[in-house]
Amino acid sequence: MRRPVAAVVALLAVASITLAGVAGYRLGYAKAMTALMSDSGHRLDLFTSTAVLMINRLSSIPATIELNADVVSLVSGEAPRNVESVNLFLHRLSAQLGSEAIFVADEQGLVVGSSNTTRQDDSRLGADIAYRPYYQDALSGFVGRHFSLGEARDTPGYFVAYPIHNGNRVTGVATVKISLNPVVDAFPLLGKPALIADRDNVVILSSQKDWLYTSLTPVSVDQRVDLELTGMYGRNRIGAFPLTVELNTEAASLGLDTVVDIPAGDNSRQTQLLIQGRTLDGMDWRLLVFSDLADVRSEAMIAAALSSLLATFLFTLVLFARQRRRAARQKQQARQALERANAELEETVARRTRALTDANAELLREMAERIQTEAMLRATQDDLVQAAKLTAFGELATGITHELAQPLGAIQTLAGNAREFVRRGDIANAQGNLAIVDDLIEKIGGIIHPLRSFARKSPAEPEEANVSAAVRNVLFLLDARLRTAEIAVANACDRSTATVWCNRNRLEQVLVNLIANAIDAMNLAETRDLGIHAGQRPDGRVFIAVEDSGKGLDATQIETLFVPFSTTKETGLGLGLAISRGIARDYGGDLLASNRPEGGAIFLLLLPQPPSRVGP
């Protein structure tokens with residue numbers, strides 16, 4: 001009995017959710033379509049007003065040209081020698097107004113004066129424009145307005161022509177060519193594909209290049225012949241517009257606000273476009289805008305989904321209320337069972353609590369042992385670091401002895417000379433020798449101070465350490481080995497201002513280890529170059545790179561390079577790189593190794609910046 005009831009309820013739920021989704025889709029579609037039409041309508045009105053203003057701002061200029069007596073005399077044939085003065089006048093007028101060109105033609109349609117004297121266009125001197133519609137209208141005493149490509153195919157324009165009177169007779173035509181580039185540049189303001197068609201319904205301006213010079217309505221043979229005779233569209237053959245558009249020229253909106261389907265291609269879905277239009281006042285031009293309805297459908301789908309979810313929620317709420325009533329009936333039955341289980345649970349909880357207490361005590365004991373072990377490991381690591389420093393210090397002894405021998409010998413000689421000068425009573429020379437001795441003692445102190453600082457067992461607390469100073473101290477300590485091995489050092493850290501968050505003594509220990517390894521790696525190399533440079537990585541950490549021109553590292557060495565007691569040297573314990581990596585990681589950094597493309601190895605020491613240099 002329960003199964004048929006459940007099936008009926010499920011069918012009712014599915015039907016309700018489906019109907020809610022359909023209703024939500026229709027309401028969402030209607031709302032989104034209304035919003036789209038309103039927004040596009042406002043954009044159309046604004047663009048139409050702007051386009052008319054940009055085009056018509058110069059339309060009255062030709063009417064004033066006949067006020068120039070030289071122009072009237074020139075087109076009437078009374079003073080043909082006025083060509084230069086007329087051209088200069090028209091050139092200045094065009095430059096001042098910002099028009100494409102201003103020109104005048106006589107009764108035969110020949111351009112006799114123009115602001116354009118070079119470009120191949122209707123405005124060129126000597127051009128025959130008698131066949132142009134705008135010229136014919138003006139010669140008949142009317143104002144001629146027309147789009148035309150002109151003879152130069154890449155210079156479309158809007159031509160406005162006025163008659164030039166000599167008394168009561170029309171003896172010529174004055175024409176201004178207005179550039180349509182500002183209108184084309186304004187198409188992106190619409191935010192969607194758009195076009196402008198002239199009075200013959202031919203697309204003359206468009207944001208889509210493949211729509212240019214296509215006809216919104218079918219073109220008959222007679223119309224095609226007339227269009228080609230006027231030459232308004234140059235050599236472009238007028239094709240059919242790819243979409244079906246039915247215009248009602250009697251309505252301001254052209255009777256559009258219609259939706260057309262775009263046929264789907266092999267790999268594309270079918271789309272729909274909303275076509276809206278306006279007539280440009282006083283120009284008999286039409287502006288059409290094409291809005292993709294993908295967003296409208298998306299909003300409708302969202303509305304359908306929300307409606308379905310709401311229906312699902314309501315249906316679930318009904319089921320929940322029904323289930324709650326059933327649960328209330330079962331609650332009384334479960335209460336008795338709960339009371340019986342409660343006694344068993346209390347006993348179980350007491351038993352588990354005792355076990356948990358014992359486990360907690362054991363965990364505390366293990367934690368104390370682990371803390372003690374970590375402290376011992378830290379102390380052992382500090383001892384290993386100090387031992388490694390003392391080992392390196394012993395290796396440096398020979399070079400330091402050489403560095404100290406020269407100033408000590410000089411001090412002995414100068415001290416003997418000073419005694420002799422004092423015995424002779426030559427105090428001035430004795431003071432001079434003692435001053436030199438003082439300088440030599442200061443030099444010896446400069447040699448001993450880095451050694452004493454390097455050998456001292458210092459705490460591992462981080463501090464702001466200067467990379468350039470650390471590299472300079474290490475190179476000083478290893479100077480004797482570098483000179484003995486005839487290694488050329490390229491230290492690019494001299495002018496570096498990078499600082500790191502690390503104990504400066506341990507930083508020098510790591511650098512001593514890396515540079516000493518590089519010296520050993522170049523023992524048998526023909527070219528011995530050591531390069532050191534520093535910088536900042538994208539992750540904010542500072543890197544210090546130590547490069548050598550040795551034989552590099554093989555795959556086995558790279559895998560075991562940082563393993564303790566793993567070494568390829570005849571002497572040494574193989575702890576240097578392991579300790580160095582441990583030091584770097586203690587301060588939040590790392591130590592990496594790889595081979596250089598040109599040969600040799602490169603070790604990259606990564607360390608964090610001081611907290612004071614890290615942004616919030």
Taking the side chain as every heavy atom from C-beta outward, state whether Arg483 and Asp479 have any atom pair closer than 4.5 Å.
yes
Has the side chain of Thr214 got a donor or acceptor atom that lies under 3.5 Å from a matching backbone atom of Trp211?
yes
Rounded to the nearest 0.5 Å, how far does CD of Gln272 lie from OG of Ser291?
12.5 Å
Mark yes or no for whether Ser206, through its side chain, and Ala194, through its backbone, hold a donor-acceptor pair below 3.5 Å.
yes
Parallel, tilted or perpendicular: which describes the rings of Phe187 and Phe47, with under 30° parallel and over 60° perpendicular?
parallel
Could you check whether any side-chain heavy atom of Ile544 comes within less than 4.5 Å of a side-chain heavy atom of Leu507, counting everything from C-beta outward?
yes
Would you say that more than 12 heavy atoms from the other residues, nucleotides or ligands in this model lie under 6.0 Å from the CE of Met301, or not?
no
Is a donor on one side and an acceptor on the other found under 3.5 Å between the side chain of Ser99 and the backbone of Ile178?
no
So Leu195 and Phe290, do their side chains get closer than 4.5 Å, heavy atoms only?
yes
NZ/NE/NH1/NH2 to OD/OE distance under 4.0 Å, Asp39 and Arg43:
yes
Does some side-chain heavy atom of Leu180 sit less than 4.5 Å from a side-chain heavy atom of Ile55?
yes
Tell me, do Leu36 and Leu293 make a side-chain contact under 4.5 Å, heavy atoms counted?
yes
Min side-chain heavy-atom separation Leu591-Leu514 under 4.5 Å
yes
Would you call Arg581 and Asp590 a salt bridge, taking side-chain N to carboxylate O under 4.0 Å as the test?
yes
CG of Asp548 to CG of Asn517, rounded to nearest 0.5 Å, is 9.5 Å
Between Ser115 and Ala101, what is the shortest heavy-atom contact and its length?
OG-CA, 3.5 Å
Could you tell me whether a side-chain N or O of Asn466 sits under 3.5 Å from a main-chain N or O of Thr499, the two making a donor and an acceptor?
no
Working note: Leu288 + Gln276, criterion side-chain contact (heavy atoms from CB on, under 4.5 Å); need CA distance, chi angles, decisive distance, verdict.
CA-CA 6 Å; Leu288 274 64; Gln276 296 173 278; over 6 Å; no
For residues 597-607, tabulate all N or O donor-acceptor pairs below 3.5 Å that involve a side-chain atom, not counting sequence neighbours.
{"unit_1": "Glu598", "atom_1": "OE2", "unit_2": "Arg596", "atom_2": "NE", "d": "3.1"}
{"unit_1": "Glu598", "atom_1": "OE2", "unit_2": "Arg596", "atom_2": "NH2", "d": "2.6"}

Output yes when a side-chain donor or acceptor of Glu463 lies under 3.5 Å from a complementary backbone atom of Arg504, and no otherwise.
yes
Can you tell if the side chain of Leu212 reaches within under 4.5 Å of the side chain of Ile204, non-hydrogen atoms only?
no
Roughly how far apart are His91 NE2 and Asn116 CG, rounded to 0.5 Å?
10.0 Å
Would you say Arg365 and Asn360 make side-chain contact, with heavy atoms under 4.5 Å?
no
May I ask you to check whether Tyr587 and Trp501 place their ring centers less than 6.0 Å from one another?
no
Check the surroundings of atom CD in Gln96: do more than 12 heavy atoms from other residues, nucleotides or ligands lie under 6.0 Å from it?
no
Taking the side chain from Asn503 and the backbone from Asn505, do they hold a donor-acceptor pair closer than 3.5 Å?
yes
So, does Gln609 use its side chain to make a donor-acceptor pair with the main chain of Gly540 at under 3.5 Å?
yes
Please round to the nearest 0.5 Å and tell me the distance separating atom CG of Leu477 and atom CD of Glu508.
7.0 Å
Could you walk me through whether Tyr25 and Arg297 pass side-chain contact (heavy atoms from CB on, under 4.5 Å), step by step?
CA-CA 8 Å; Tyr25 182 87; Arg297 289 195 299 272; 4.1 Å; yes
Counting neighbours of NZ on Lys551 that are heavy atoms of other residues, nucleotides or ligands and sit closer than 6.0 Å, is the number greater than 12?
no
To check you understand the geometry: which heavy-atom pair defines the closest contact between Ser468 and Cys493, and what is its length?
OG-O, 2.8 Å
Side-chain (Arg528) to main-chain (Ala488) donor-acceptor, under 3.5 angstrom:
no
